[in-house]
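Quick notes on the structure that follows.
The analysis underlying the following values was restricted to heavy atoms, covering all of them including side chains, and did not include hydrogens, waters or symmetry mates.
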Amino acid sequence: MLIGVTDALGSEHKFQKYLDWLRCGAKDLQTLTLSYKLNNIDTLKLCDGLVLTGGHDVDPVLYNGSLQHKKIVNVDRKRDDFECQALDHALKANLPV
């Protein structure tokens with residue numbers, strides 16, 4: 001089984017926790033790192049599931065929010081767009097998310 005996992009970008013320790021968590025359930029599980037930095041959205045078609053990792057705040061523009069809110073930090077719009085595209089693909093392909 002191959003699971004696509006979006007990169008936590010800048011938090012390797014947190015990303016590794018996602019991988020460890022996935023692998024504790026199935027030793028033969030393989031993971032594929034997905035990221036706009038790798039430009040590999042097309043490889044999601046090889047996957048049997050998708051895990052969206054946590055991390056940066058979601059760009060408030062995507063939900064009609066304000067960028068001026070004091071708790072909004074570390075917005076990465078390229079990551080948001082990539083993960084929205086990955087989620088859209090997974091839902092259309094009936095992949096577990």
Quick check for you: to the nearest 0.5 Å, what is the distance between [X] atom [atom1] and [Y] atom [atom2]?
| X | Y | atom1 | atom2 | value |
| --- | --- | --- | --- | --- |
| Cys84 | Leu52 | SG | CG | 9.0 Å |
| Asp76 | Asp81 | CG | CG | 9.0 Å |
| Lys14 | Thr53 | NZ | OG1 | 7.0 Å |

Are any non-hydrogen side-chain atoms of [X] and [Y] less than 4.5 angstrom apart?
| X | Y | value |
| --- | --- | --- |
| Asp7 | Glu12 | no |
| His89 | Lys45 | yes |
| Thr6 | Ser35 | no |
| Ile41 | Tyr36 | no |

Practice item. Kindly check if the number of other-residue, nucleotide or ligand heavy atoms within 6.0 Å of CG (Asn39) is above 12? Key: no
Contact summary for [X] and [Y], nearest pair of heavy atoms:
| X | Y | answer |
| --- | --- | --- |
| Asp48 | Pro96 | O-CD, 3.2 Å |
| Arg77 | Leu62 | NH2-CD2, 3.3 Å |
| Leu32 | Cys47 | CD2-SG, 3.8 Å |

Check your understanding: So Arg23 and Thr31, side chain to side chain donor-acceptor pair (under 3.5 Å) or not? Walk me through it.
Key -> CA-CA 9 Å; Arg23 291 180 184 139; Thr31 60; 2.8 Å; yes
Same cluster or not: are [X] and [Y] linked, directly or through other Ile, Leu, Val, Met, Phe, Trp or Tyr residues, by side-chain heavy atoms under 4.5 angstrom apart?
| X | Y | result |
| --- | --- | --- |
| Phe15 | Phe82 | no |
| Ile3 | Leu95 | no |
| Val5 | Leu44 | no |
| Val51 | Leu91 | no |
| Trp21 | Leu34 | no |

**Study point:** Flag, side chain of Asn40 to backbone of Thr33, donor-acceptor distance under 3.5 Å
**Key:**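 Side chain of Asn40 to backbone of Thr33, a donor-acceptor pair under 3.5 Å: yes, one is there.
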**Study point:** Audit row: Asp20, Gln16, side chain to side chain donor-acceptor pair (under 3.5 Å) steps and yes/no
**Key:** CA-CA 6 Å; Asp20 294 345; Gln16 188 60 50; 2.8 Å; yes
